[in-house]
Amino acid sequence: MPEGPTIVILKEAVSKFKGKKVLECGGNAAIDFSLFENKTVKDFKTWGKHFIICLKSTNIRIHFLLFGSYSIDEKIKPTRSVRLFLKFKNGTVYFYTCSIKVIDQDLEKIYDWTADVMNKEFDPAKARKKLRAKPGTLVCDALLDQEILAGVGNIIKNEVLYRIRLHPETTIGNLPARKLTELVKECRDYSFEFLRWKKANELKKHWLAYSKKVCSRCNLPFIKKYCGKTKRRTLFCENCQIRYSKATH
DNA sequence: TGCCATGTTAAACT
DNA sequence: GAGTTTAACATGGC
């Protein structure tokens with residue numbers, strides 16, 4: 001379910017509820033639902049993998065973690081329990097198995113929109129600067145750092161590294177400047193490809209590394225390894241993806 | 001059918 | 001205290 005582009009699709013899918021009043025709400029989330037009733041949706045926002053419903057004087061933050069999902073105007077499947085639903089005059093949105101938090105602070109104070117790869121304010125130079133500040137970090141870990149590249153998940157990580165032919169266990173400090181620039185750029189570019197392909201329901205068709213067995217460039221089998229401190233599944237080609245080192249400089 | 005995973009947090013350790 | 005490891009959450013695809 002998650003990764004930044006999918007949350008953008010959700011935002012577009014609920015846009016018809018913007019400006020509408022919450023007629024009824026509920027679910028099994030441990031929050032006070034009375035805070036939302038009769039409030040009007042001011043806006044829907046996304047920051048990385050966060051989906052934020054902005055109501056007058058309060059916000060609801062939804063994070064789908066690994067298994068979360070949503071549905072709109074659908075009859076609830078009895079096997080799934082609804083964590084949160086919001087009913088409007090023109091329909092209902094349901095959220096399942098997700099983390100829900102009420103945020104009363106000013107969103108501008110807690111979210112750095114320039115870190116979100118899907119945001120129009122995304123700032124590649126800032127991302128590069130944050131990366132350069134962590135020279136010992138492996139690129140496979142750095143890409144998943146939500147403070148640096150919010151919205152990038154494990155699929156995007158694998159695809160980006162394969163596409164720019166970069167070995168996941170290269171340290172940031174060993175990257176030539178040009179490669180670092182390319183890395184940040186590809187995170188954003190692939191995220192928008194992800195968005196386009198996901199909307200067309202053909203995301204998997206375009207995977208080059210994620211869940212693949214063989215490198216399409218050289219036909220050698222991919223290495224499957226739980227890399228870095230994050231220990232997330234990483235598929236890569238030892239032959240085609242370059243591991244930069246001091247000596248490469 | 002059992003295994004595994006697009007993720008994060010907090011507790012339990014060293 | 002810092003850093004690391006483990007557990008918990010809990011669904012659906014293959």
Side-chain angles (χ1 to χ4, degrees), chain A residues 1-11 13 27-31 46-52 60-71 74 76-85 94-103 110-112 115-118 133-163 168 171 186-213 222-236:
Chain A
M1 164 65 217
E3 300 216 30
T6 311
I7 310 301
V8 171
I9 292 171
L10 163 60
K11 180 185 159 165
N28 64 10
I31 51 170
T46 67
W47 180 85
K49 299 163 190 167
H50 295 206
F51 178 64
I52 309 152
I60 309 171
R61 190 222 66 181
I62 297 169
H63 197 302
F64 292 94
L65 301 169
L66 212 50
F67 313 125
S69 61
Y70 67 91
S71 66
E74 231 177 75
I76 306 158
K77 290 182 189 166
T79 50
R80 284 195 293 187
S81 55
V82 175
R83 185 133 302 159
L84 169 70
F85 75 87
Y94 304 89
F95 299 97
Y96 313 92
T97 41
C98 48
S99 157
I100 297 182
K101 242 179 161 174
V102 176
I103 301 180
I110 54 175
Y111 283 110
D112 174 9
D116 176 8
V117 294
M118 298 306 292
K134 302 187 171 203
T137 302
L138 301 181
V139 291
C140 60
D141 288 331
L143 290 195
L144 296 174
D145 187 333
Q146 300 300 295
E147 296 300 315
I148 303 175
L149 296 158
V152 171
N154 206 35
I155 295 174
I156 296 175
K157 177 195 85 178
N158 275 286
E159 291 298 311
V160 164
L161 293 174
Y162 182 74
R163 279 157 206 260
T171 60
E186 188 63 23
C187 283
R188 182 169 170 82
D189 289 353
Y190 177 73
S191 292
F192 279 91
E193 294 276 68
F194 184 123
L195 175 67
R196 186 161 62 85
W197 287 326
K198 177 97 181 169
K199 278 183 179 175
N201 209 18
E202 56 184 38
L203 180 67
K204 293 180 186 181
K205 200 174 90 184
H206 297 278
W207 282 341
L208 300 177
Y210 186 76
S211 85
K212 292 289 183 182
K213 297 259 188 290
F222 270 124
I223 308 290
K224 178 179 165 183
K225 189 174 173 185
Y226 293 79
C227 292
K229 288 187 179 172
T230 48
K231 292 189 172 66
R232 299 295 300 278
R233 189 174 65 159
T234 311
L235 290 136
F236 60 101

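Side-chain atoms are counted along with the backbone in the values below, which use heavy atoms only and exclude waters and symmetry mates. Numbers restart at 1 for each chain; the letters A, B, ... are given by sequence-line order, proteins then strands.
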- Determine, for nucleotides 4-10 of chain B in 5'-to-3' order, which nucleotides have protein heavy atoms under 4.0 Å from the base (write B), from only the sugar-phosphate (write S), or from neither (write -). -BBBS--
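Residues A:H50 and A:Y111 are in side-chain contact: their nearest non-hydrogen atoms beyond the backbone lie under 4.5 Å apart.
Under the 4.0 Å criterion applied to side-chain N and carboxylate O atoms, A:R163 and A:D189 are not assigned as salt-bridge partners.
For A:W47, there are no side-chain hydrogen bond (donor to acceptor under 3.5 Å, both in side chains) partners, not counting sequence neighbours.
Using the six-membered ring where Trp is involved, A:F64 and A:F95 have ring planes that are tilted, between 30° and 60° apart. Between A:Y94 and A:Y96, the ring planes lie parallel to each other; the angle is under 30°, not in the 30° to 60° tilted range.
Checked by atom type, the side-chain pair A:T234/A:K157 shows a donor-acceptor distance below 3.5 Å.
One interatomic measurement links the two molecules: CG of A:N201 to C1' of C:dG13, which rounds to 14 Å at whole-angstrom precision. Taking atom CZ of residue A:F95 and atom P of nucleotide C:dA10, one finds them 18 Å apart after rounding to whole Å.
At most 12 heavy atoms of other shown residues, nucleotides or ligands fall within 6.0 angstrom of atom NZ in A:K134.
Checking A:K231 against A:R83, the closest nucleotide of DNA chain C that is more toward the 5' end is the one next to A:K231.
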- Query: So what does the secondary structure string of DNA chain B come out as, 5' to 3', with Watson-Crick or wobble pairs under 3.5 angstrom, [ ] for crossing and | for pairs with another strand?
  - Reply: .||||.||||||||
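When A:F222, A:Y210, A:F236 are each tested for a side-chain contact (heavy atoms from CB on, under 4.5 Å) with A:N158, only one passes: A:Y210.
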